Amino acid sequence: MSPVLNGQRSIFSQEVYRTSLEPKYQIIARDELHEDEFSRDAALAKMREFIAKHPQIKNCRMDSVFLLRFLRNRKFNVQAACDAVVRYLTIIAHSPEYFDIDPHHSEQLIKERLVVPLGEDAYGRLVLLIRYGQFNAQQHTPEQQISLISLAIETYFDHEQYHVTGLVYVIDYFGLSMAHIGAITLPKFRVIKATNGEMKMIRVKKVHVLRVPSVGAKLAELWISIMPRKLQQRFKFHKTLDTLKDDIDPEVLPTIYGGKQSLEEANEKFHKLALSQRDRFLKQAEMYIDLSIPAPNAKNANAALQSSVADESVIGSFRKLNVD
């Protein structure tokens, strides 16, 4: 029987788990993430018990695929995975405008091909293109941008393979202007910082950054500075498209970047897949953590979001950016 969630209903309740991973990805999960049948079943049971007993969590996905995102990202450290669930729910409760994961609401942005999942590379990783410089800084808010990225990730990350193989970002800054930079206020920067790949439980394997204009150099430097050191080492900058073709399979790379794939077709595939999962997104939006109830310990996402030390660091960086 599924655990009762604080007298409230849970969504996507417990089920008998059967892996969808191919054997080669099961081996990666075992060797890199410490996952096997015994550790998995015990860890899932402990996570469900934690969620059911947590005084603040009133509604949460309890299905295996969702919980395994956190376990795999934390290499089956159950306590770390449980803490991550609380942080995940808390940031959504604090800033729901950044998590409007509804393909109907993002339809116009989707049609503009600003964020496009390109498919798998040779290592089975999802390649995600973000054409950041093409966002209309006068019309597209940072909240809409993050929501669109979240939608793209959420559309694909119930697919267990990507829990294991991870994600490759291709971020194109061509067209970036001061208007893009000016749209990111300090409060918004703090939220965006908290909504990075780690919070979304993604294994970011590589970040290819393209065509950063001089106006965006300090912004790029600032973004990297807030990343974990391990992730900083996974950034690669490309001044031209020629070097990108050495790192991304031409079959995955769009024709406008020198590859063989139609960007329009890749985007249409994403759009259709997102629409097909809209019911799941709406149901998932019912997840809820009641922050008016005292947290069981001080190490919660609310405290982290309000860290004065982190804020001062960000403020100092932005002051330097504005002066220079």
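Here the structure is a predicted model, which means the values were calculated and not measured.
- Ion pairing between K269 and E265 fails under the 4.0 Å rule for side-chain N and carboxylate O.
- The side-chain heavy atoms of Y132 and L114, taken from C-beta on, include no pair separated by under 4.5 Å.
- If you check the side chains of H163 and R203, you find no donor sitting under 3.5 Å from an acceptor.
- Taking CD of Q56 as the reference point, atom NZ of K58 lies at 9.0 Å (rounded to 0.5 Å).
- Using a 4.5 Å cut-off between side-chain heavy atoms of Ile, Leu, Val, Met, Phe, Trp and Tyr, with links allowed through other members, L167 and F70 fall into the same hydrophobic cluster.
- Note: L44 CG to L71 CG = 6.0 Å, rounded to the nearest 0.5 Å.
- Contact check on R74 versus D83 returns no salt bridge, with no Lys/Arg side-chain nitrogen under 4.0 Å from an Asp/Glu carboxylate oxygen.
- Of the inter-residue distances, the one linking Y88 atom OH with C60 atom SG reads 8.5 Å to the nearest 0.5 angstrom.
- Under the 4.5 Å side-chain criterion, counting only non-hydrogen atoms from C-beta, T155 is in contact with F281.
- Distance alone, capped at 3.5 Å, places no donor-acceptor pair between the D290 side chain and the I57 backbone.
- Nearest heavy atoms, F270 versus Y156: CA-OH, 3.8 Å.
- Residue S150 comes nearest to Y98 through the heavy atom pair OG-O, 3.9 Å, listed as atom of the first residue, atom of the second, then distance.
- Here the closest heavy-atom approach between residue P103 and residue A274 is recorded as CG-O, 3.6 Å.
- Salt-bridge formation is not detected for the pair R61/E286: no Lys NZ or Arg NE/NH1/NH2 atom is positioned less than 4.0 Å from an Asp or Glu carboxylate oxygen.
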Residues V65, F157; criterion side chain to side chain contact (heavy atoms under 4.5 Å, CB included); working and verdict: CA-CA 9 Å; V65 169; F157 267 75; over 6 Å; no

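- If you take CD1 on I51 and NZ on K46, they are separated by 14.5 Å, rounding to the nearest 0.5 Å.
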Side chain to side chain contact (heavy atoms under 4.5 Å, CB included) between I146 and F99, worked out: CA-CA 7 Å; I146 296 299; F99 297 92; 5.6 Å; no

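- Aromatic pair Y162/H159: centroids less than 6.0 angstrom apart.
- A heavy-atom distance below 4.5 Å is found between the side chains of H94 and L291.
- Y288 belongs to no hydrophobic cluster with other residues, because no ILVMFWY side-chain heavy atom falls under 4.5 Å from its own, directly or through intermediates.
- A continuous path of hydrophobic side-chain contacts links Y169 to L231 [ILVMFWY only; heavy atoms under 4.5 Å].
- For E264, the side-chain hydrogen bond (donor to acceptor under 3.5 Å, both in side chains) test picks out S262, with sequence neighbours left out.
- Partners of D41 by salt bridge (Lys or Arg N to Asp or Glu O under 4.0 Å), not counting sequence neighbours: none found.
- Hydrophobic clustering, defined by side-chain heavy atoms of Ile, Leu, Val, Met, Phe, Trp and Tyr closer than 4.5 Å, groups L263 together with V116, L118, V127, L129, V168, V170, L210, L241, L244, I248, V252, L253, I256, Y257.
- Residues meeting the side-chain hydrogen bond (donor to acceptor under 3.5 Å, both in side chains) test with R30, sequence neighbours left out: none.
- Note on V78 and M201: same hydrophobic cluster, where clusters join Ile, Leu, Val, Met, Phe, Trp and Tyr whose side-chain heavy atoms are under 4.5 Å apart, directly or indirectly.
- For the pair F235 and K206, the minimum side-chain heavy-atom distance is 4.5 Å or more.
- Every residue meeting the side-chain hydrogen bond (donor to acceptor under 3.5 Å, both in side chains) condition with R125, not counting sequence neighbours, appears here in chain and number order: D121.
- Hydrophobic clustering of Ile, Leu, Val, Met, Phe, Trp and Tyr side chains at less than 4.5 Å, counting indirect connections, unites V85 with Y17.
- By the side chain to side chain contact (heavy atoms under 4.5 Å, CB included) test, T243 pairs with H238, sequence neighbours left out.
- Counting non-hydrogen atoms of other residues, nucleotides and ligands closer than 6.0 Å to NZ of K205 gives a total above 12.
- The structure places NE2 of H208 at 13.0 Å from CD1 of I130, a figure rounded to the nearest 0.5 Å.
- Considering all non-hydrogen atoms of both residues, R48 and S64 come closest at NH2-OG, 3.0 Å.
- Contact check for Y123 versus T165: no side-chain heavy atoms found under the 4.5 Å cut-off.
- Without hydrogens or angle criteria, E143 side chain to E97 main chain gives no donor-acceptor distance under 3.5 Å.
- When all heavy atoms are compared, the tightest approach of I171 to V207 is CD1-CG1, 3.9 Å.
- Across all non-hydrogen atoms, the minimal contact from M47 to L67 is SD-O, 3.9 Å.
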Audit row: K75, E35, side chain to side chain contact (heavy atoms under 4.5 Å, CB included) steps and yes/no: CA-CA 8 Å; K75 297 187 177 180; E35 175 180 355; over 6 Å; no

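- Residues Q261 and T255 have side chains not in contact (no heavy-atom distance under 4.5 Å, counting atoms from C-beta outward).
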Residues V212, V209; criterion side chain to side chain contact (heavy atoms under 4.5 Å, CB included); working and verdict: CA-CA 7 Å; V212 180; V209 182; 3.4 Å; yes

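- If you run side-chain hydrogen bond (donor to acceptor under 3.5 Å, both in side chains) between D158 and each of Q277, Q284, R69, only R69 comes through.
- With sequence neighbours excluded, the residues that form a side chain to side chain contact (heavy atoms under 4.5 Å, CB included) with F174 are Q134, D172, R211.
- Note: L148 CG to E112 CD = 9.5 Å, rounded to the nearest 0.5 Å.
- For the salt bridge (Lys or Arg N to Asp or Glu O under 4.0 Å) condition, no pair includes a residue of residues 128-141, sequence neighbours left out.
- Under a hydrophobic-cluster definition in which Ile, Leu, Val, Met, Phe, Trp and Tyr are linked whenever side-chain heavy atoms come within less than 4.5 Å, directly or via other members, F66 and L33 are assigned to different clusters.
- Scored by the side chain to side chain contact (heavy atoms under 4.5 Å, CB included) test, S39 finds D36, F76 as partners (sequence neighbours excluded).
- Qualifying side chain to side chain contact (heavy atoms under 4.5 Å, CB included) partners for P213, counting only residues two or more places apart in sequence or in other chains: Y173, L176, V215.
- Q144 places none of its side-chain heavy atoms less than 4.5 Å from the side chain of H105.
- Here R280 does not pair with D63 in a salt bridge; the nearest charged N to carboxylate O distance is not below 4.0 Å.
- The pair R72-E160 counts as a salt bridge, with a side-chain nitrogen and a carboxylate oxygen less than 4.0 angstrom apart.
- Side chains of H140 and L109 form a contact here, defined as non-hydrogen atoms less than 4.5 Å apart.
- Shown here are the side-chain hydrogen bond (donor to acceptor under 3.5 Å, both in side chains) partners of H34, two or more places apart in sequence or in another chain: there are none.
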